[in-house]
There are 2 protein chains.
Amino acid sequence: MATRRERLREQTSAEIKAAALAHLREGGGAALSLRAVAVSIGMSPAGLYRYYPNRDALLTDLITDGFAALAHEVAQARDAAQGDAFVAAALAYRQWALAHPHEFALLYGTPIPDYQAPEAGPTSSASRQVGAAFVPPIAAAWHRGTLKPQEVPPHLTALNTFAAAFDLPPAVAALAFTAWTTIHGLVVLETFGHLAWLGENPAPLAETRFRALSRDLGIAP
Amino acid sequence: MATRRERLREQTSAEIKAAALAHLREGGGAALSLRAVAVSIGMSPAGLYRYYPNRDALLTDLITDGFAALAHEVAQARDAAQGDAFVAAALAYRQWALAHPHEFALLYGTPIPDYQAPEAGPTSSASRQVGAAFVPPIAAAWHRGTLKPQEVPPHLTALNTFAAAFDLPPAVAALAFTAWTTIHGLVVLETFGHLAWLGENPAPLAETRFRALSRDLGIAP
DNA sequence: CTGCACTGCGATCAGTGTTCACACTTTGAC
DNA sequence: GTCAAAGTGTGAACACTGATCGCAGTGCAG
């Protein structure tokens with residue numbers, strides 16, 4: 001049950017977050033000013049501190065939402081894919097990054113000063129959802145038996161538990177992990193402008209790359 | 001010939017850069033304060049502006065140096081390698097990133113607000129040196145004929161010119177590019193703490209991964 | 001109705017990058 | 001040797017940032 005006060009608070013909180021997101025989308029996380037957010041919703045700068053203890057808390061909220069949005073986008077593209085669901089997911093990952101470069105930078109760019117999200121924090125669990133979104137097509141390939149066997153690095157029990165969560169052998173989890181980090185490498189470099197020297201349109205590069213990856217790992221149907 | 005004044009200026013400039021680098025190594029780029037740098041070398045904050053027009057210029061200098069240092073480290077490890085030079089280079093890339101996380105973040109993390117380095121800028125050419133450091137072992141494998149053929153994405157003339165610079169066919173350049181982005185994906189995720197959930201020691205994961213990459217691409221001798 | 005927690009505001013503080021007018025020193029030409 | 005020009009450094013100031021604090025109002029529960 002939500003009292004009137006709780007509803008209002010929720011609403012204001014959402015309004016703050018929405019305004020912050022709008023400011024983030026143009027200008028980036030570094031330029032996100034609490035004062036600007038405050039005035040854009042007709043509030044005093046000090047008032048924001050009733051809702052967020054500090055700037056990092058607001059950013060953490062945006063990060064959590066960003067991970068969820070990215071994971072959702074990837075999962076949706078994967079499920080709606082006609083051909084290779086894995087390639088579709090990878091392309092969606094890239095598309096989202098290019099369409100929301102500042103949010104992507106917040107997720108995977110330079111981490112906040114020293115701080116690191118605690119194991120149980122909302123951001124880390126949301127982060128894992130993104131990686132997990134790539135698993136189903138890989139699991140399907142494993143069940144089909146087309147998957148190329150992958151070497152499992154020793155002393156990595158975390159990979160085992162990750163695999164167990166999907167009811168898959170560790171080798172398949174290792175392959176999913178490999179696939180995700182490979183995709184991320186290309187996407188992060190392109191999104192942050194380190195591939196500008198490649199010239200005009202890197203889209204065919206990405207597509208060719210993802211298709212080859214799917215084929216080489218034995219994911220492609 | 002350097003006049004006395006030019007020498008002094010050079011010296012002061014280097015001192016500023018060294019102090020800035022020291023501050024960068026603890027605290028990160030976002031926390032790098034011109035005032036702190038100024039007092040640490042016994043200068044007025046305003047005095048720095050005789051040497052750098054603004055904060056970004058100082059950061060640009062640090063970025064250029066960082067790319068050069070990383071490229072040097074990778075090249076050195078590659079040349080000193082006993083076994084697989086490509087794996088050695090990849091491991092050096094990872095080592096440098098983990099040893100200098102803040103500098104690595106400056107190079108490959110969230111880009112400075114809107115600004116993007118001009119085509120002819122010092123940072124972009126220094127950046128390309130890093131990718132180029134991975135080429136020789138791949139070129140050697142090509143000459144040996146062990147290289148796995150790579151699909152060349154269409155409409156990417158830049159890759160052709162890059163290949164021509166090393167006197168290699170475009171397919172080999174495409175493979176080198178693939179290799180670099182793959183390595184980067186794993187390293188950037190680990191350096192920025194997104195692989196913390198993997199637990200204790202991700203080193204064997206990286207080594208296994210790089211060896212497999214070298215083998216699968218046909219680079220390994 | 002009363003008391004209390006909640007909400008928001010203005011003032012304020014410390015810190016940031018940056019600019020400006022001003023002093024001081026070094027340099028090079030006469 | 002003289003002297004103007006160029007280079008170098010300073011202190012004060014500006015506009016901005018995140019953050020804190022005490023003080024007013026307001027909604028809610030008893």
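No experiment lies behind these values; they were computed from the predicted model shown. Residue numbers start from 1 in every chain, and the chains themselves are labelled A, B, ... in the order their sequence lines are given, proteins ahead of strands.
At the phosphate of D:dT10, neither OP1 nor OP2 sits under 4.0 Å from any side-chain N or O atom of B:Y49. Between B:S33 and C:dT16 there is a side-chain polar atom (N or O) within less than 4.0 angstrom of OP1 or OP2.
Taking only side-chain atoms of B:R55, from C-beta outward, the nucleotide of C:dG17, D:dG11, D:dA19 with the closest atom is C:dG17. Proximity note for B:A46 (side chain, C-beta onward) versus D:dA12, D:dG9, C:dT7: the nearest is D:dA12. Among the nucleotides C:dA21, C:dG8, D:dG18, the one closest to any side-chain atom of B:R50 is C:dA21. Listed nucleotides D:dG11, D:dC21, C:dG17 differ in distance to B:L34; the shortest reach to its side chain belongs to C:dG17.
With rounding to whole Å, B:L8 atom CG is found 10 Å from C:dT26 atom C1'. For the pair A:L58 CG and D:dT17 P, the computed distance is 15 Å after rounding to whole Å. Nucleotide C:dG10 holds its P atom 12 Å from the CE atom of A:M43, rounded to whole Å. In this structure, A:R7 atom CZ and D:dC28 atom C1' are separated by 13 Å, rounded to whole Å. Across the protein-nucleic acid pair, B:E6 atom CD and D:dA6 atom P stand 16 Å apart, rounded to whole Å. When the P atom of C:dT7 is taken as reference, atom CD1 of A:I41 falls 14 Å away, rounded to whole Å. Rounded to an integer number of Å, the gap from A:E15 CD to C:dT7 P is 15 Å. With rounding to whole Å, B:R9 atom CZ is found 15 Å from C:dT25 atom C1'.
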A:F67 vs A:Y108, ring pair (Phe, Tyr, Trp, His ring centres under 6.0 Å): CA-CA, chis, key distance, verdict: CA-CA 10 Å; A:F67 275 125; A:Y108 292 111; 5.5 Å; yes

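Atom CZ of A:R211 sits in a sparse spot, with 12 or fewer heavy atoms from other residues, nucleotides or ligands closer than 6.0 Å.
Using a 4.0 Å heavy-atom criterion, one finds that A:L32 contacts the sugar-phosphate atoms exclusively. Here B:Y52 lies out of heavy-atom contact (under 4.0 Å) with every strand.
If you look at B:Y93 and B:F134, their ring centroids are closer than 6.0 Å.
Using bins of under 30°, 30° to 60° and over 60° for the plane-to-plane angle, the ring pair A:W180/A:H184 lands in the tilted bin.
The base of C:dG15 does not come close enough to the side chain of B:R35 for any donor and acceptor atom to sit less than 3.5 Å apart.
Contact detail for A:A31 and A:G27: the closest heavy-atom pair is CB-O, 3.3 Å.
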